[in-house]
Visitor: 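Below you will find the structure I want to go over with you.
Please read these numbers as outputs of a predicted model, since none were measured by experiment. All ligand and atom numbering here is 1-based and tracks the order in the structure.
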Amino acid sequence: MPELNMEGNLPKQQCQPVTTAIEKDDLVIPIIDFGPFLHGTPADKHEVAMSVVHAFKTSGFLYLKDHGVPPSVVSHVFSSSARFFARPQGQKDSLCWTTPQANRGYVKTGQEKLSTVDDVPAASGDARSIPDLKETMEIGREGVDGLPNRWPDHLDAEGQDFKAVMLSFFDMCKALHTEVMRAIALGMHLPEHYFDSYVDAGDNNLRLLHYPAVDKSVFKSNPLQVRAGEHSDYGSITLLFQDGCGGLQVRSPRGTFVDAVPVADTVVVNAGDLLARWSNETIKSTRHRVVEPPKVVDGEDDSSGVYPDRYSIAYFCNPNNDQLIEAIPGTYGEDIRPLKYPGITAGDYLVQRLTATY
Ligand SMILES: O=C(O)CCC(=O)C(=O)O
Ligand SMILES: [Fe+2]
């Protein structure tokens, strides 16, 4: 077995030549072409896999292009999502989110509290009193006994179309999760299919997000106001599709927030806390947040007018609920690094985290 480099400093020549999307304050987020992983030779796959793992071990974030989910599908999901959020509030409330165990349904503005109390200076009071400026629709694995998705299909034909569009997209993202896990396996010197049986159930969560248009003055008058508070994601990886609006920021190793600008036809992929734990903290789950769009022109007057609506689609991938997550082979040992965590069932871990959030 080749020697593992726990710091993520893989020899350059093993990696695919990659374009850098973001490079600021020691945060480097590459754009990785996933086509050669999906369709290439074993050597191509290996190169892509090394690049993917290198990114997860350094910034915890990467952009994937040629990822296999057609742009036409993504834009259809965005328009279905926008039509859903444009429904009367009463209809959306009738589909409301109920429990962390179910984690399905509509979440109105202020219901999810991502910012933690530590995120603001003590003098500023409790960050939990600053609600995120967003509403979401959470869709889980279809067909789980006792945990039905909250579809609008009984409302009208558009609601039926919404269900069909989301179910099909859910499956495409599930397939992409499996492929990214295969890349991680190869990049960590494990057999390509090592994680397949860990993720085959598709216990994932499709979250549609809508950040309503907001007066620019809201951010000016309250410097702590954000669209989504700083957090890390909980699961294995997140597939994040952004519109062109901007506002996503990632914490750099220097502690600053760096804009992760939208790059057309890519999906942002970031590692979640459970993958970091699973990798014995060799992979990074990096904190991020959503704020108002970055200024286009320096010195631009941002006190008048509104920032437009922003839509994004986050597909939170998880290991199967019943899988015991113990450190990945090769990530711990006497000569490498100590084992940091006991095993935990993926489902238990996620319910614990969701319970603290809602
Ligand atoms: O809307 C975004 O771009 C990010 C959302 C996010 O990070 C989340 O929901 O976990
Ligand atoms: Fe997130």
Visitor: Just which atoms of ligand 1 are under 4.0 Å from any heavy atom in F316?
Guide: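 With F316 as reference, the close atoms of ligand 1 come out as 8 (C), 9 (O), 10 (O).
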Visitor: Could you tell me whether E292 and K216 have a side-chain N and a carboxylate O separated by less than 4.0 Å?
Guide: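 Salt bridge between E292 and K216, a charged N being under 4.0 Å from a carboxylate O: no.
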Visitor: Check ligand 1 against L209 and write out every atom of the ligand that is under 4.0 Å from a heavy-atom position of the residue.
Guide: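 Close to L209: 9 (O).
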Visitor: Would you please determine whether R207 falls within less than 4.0 Å of ligand 1 on a heavy-atom basis?
Guide: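 Distance cut 4.0 Å: R207 passes for ligand 1.
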Visitor: Parallel, tilted or perpendicular: which one describes the rings of H210 and Y311, with boundaries at 30° and 60°?
Guide: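 Parallel, since the angle between the ring planes stays under 30°.
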Visitor: Under 4.0 Å from a heavy atom of D233: give me the atoms of ligand 1 that qualify, with their elements.
Guide: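 The list of qualifying atoms is 10 (O).
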Visitor: Heavy atom of H231 under 4.0 Å from ligand 1?
Guide: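 The answer is yes: ligand 1 sits under 4.0 Å from a heavy atom of H231.
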Visitor: N/O to N/O below 3.5 Å, does that happen between H288 and ligand 1?
Guide: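 Checking ligand 1 against H288, an N or O pair does fall under 3.5 Å apart.
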Visitor: List-wise, which protein N, O or S atoms are found short of 2.8 Å from the Fe ion (ligand 2)?
Guide: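 Per the 2.8 Å query on the Fe ion (ligand 2), atoms found are H231 NE2, D233 OD1, H288 NE2.
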Visitor: For F169, which of F162, Y315, F78, F241 qualifies under ring pair (Phe, Tyr, Trp, His ring centres under 6.0 Å)?
Guide: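 It is F241, the one option of F162, Y315, F78, F241 that forms the ring pair (Phe, Tyr, Trp, His ring centres under 6.0 Å) with F169.
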Visitor: Run through the side-chain heavy atoms of Ile, Leu, Val, Met, Phe, Trp and Tyr, join any pair under 4.5 Å, and report what else lands in V144's cluster.
Guide: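 Besides V144, the hydrophobic cluster comprises L147, listed by chain and residue number.
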Visitor: Any ion pair linking E230 and R251 (charged N to carboxylate O, less than 4.0 Å)?
Guide: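 Looking at R251 and E230, the cut-off is met.
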Visitor: Between D26 and S252, is there a side-chain heavy-atom distance shorter than 4.5 Å?
Guide: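 No; the side chains remain at least 4.5 Å from each other.
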Visitor: Which of parallel (below 30°), tilted (30 to 60°) and perpendicular (above 60°) describes H189 and H46?
Guide: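 Geometry flag for H46 against H189: tilted rings.
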Visitor: Can you name the one residue among R207, R104, K108 that meets salt bridge (charged side-chain N to carboxylate O under 4.0 Å, His left out) with E138?
Guide: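 Looking at R207, R104, K108, the match for E138 under the salt bridge (charged side-chain N to carboxylate O under 4.0 Å, His left out) is R207.
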Visitor: Could you tell me which atoms of ligand 1, counted from 1 in the order shown, lie closer than 4.0 angstrom to a heavy atom of V290?
Guide: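 Ligand 1 atoms under the 4.0 Å threshold to V290: 1 (O), 2 (C), 3 (O), 4 (C).
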Visitor: Does R227 pair with D132 as a salt bridge, N-O distance under 4.0 Å?
Guide: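 No, R227 and D132 are not salt-bridged.
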Visitor: For ligand 1, is K134 a contact, meaning one of its heavy atoms is under 4.0 Å away?
Guide: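 Under 4.0 Å: no for K134.
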Visitor: Run the numbers for me: atoms of ligand 1, each under 4.0 Å from some heavy atom of Y211, listed by number.
Guide: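 Answer for ligand 1: 1 (O), 2 (C), 4 (C), 5 (C).
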Visitor: Parallel, tilted or perpendicular: which one describes the rings of Y106 and F85, with boundaries at 30° and 60°?
Guide: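 If you compare the ring of Y106 with that of F85, the planes turn out tilted.
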Visitor: Heavy atoms only, cut-off 4.0 Å: how does T238 contact ligand 1, side chain, backbone, both, or neither?
Guide: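 No part of T238 comes within reach of ligand 1.
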Visitor: Given 3.5 Å as the limit, does a donor-acceptor pair link the side chain of D309 with the main chain of P212, or not?
Guide: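 Here the side-chain-to-backbone pair does not exist.
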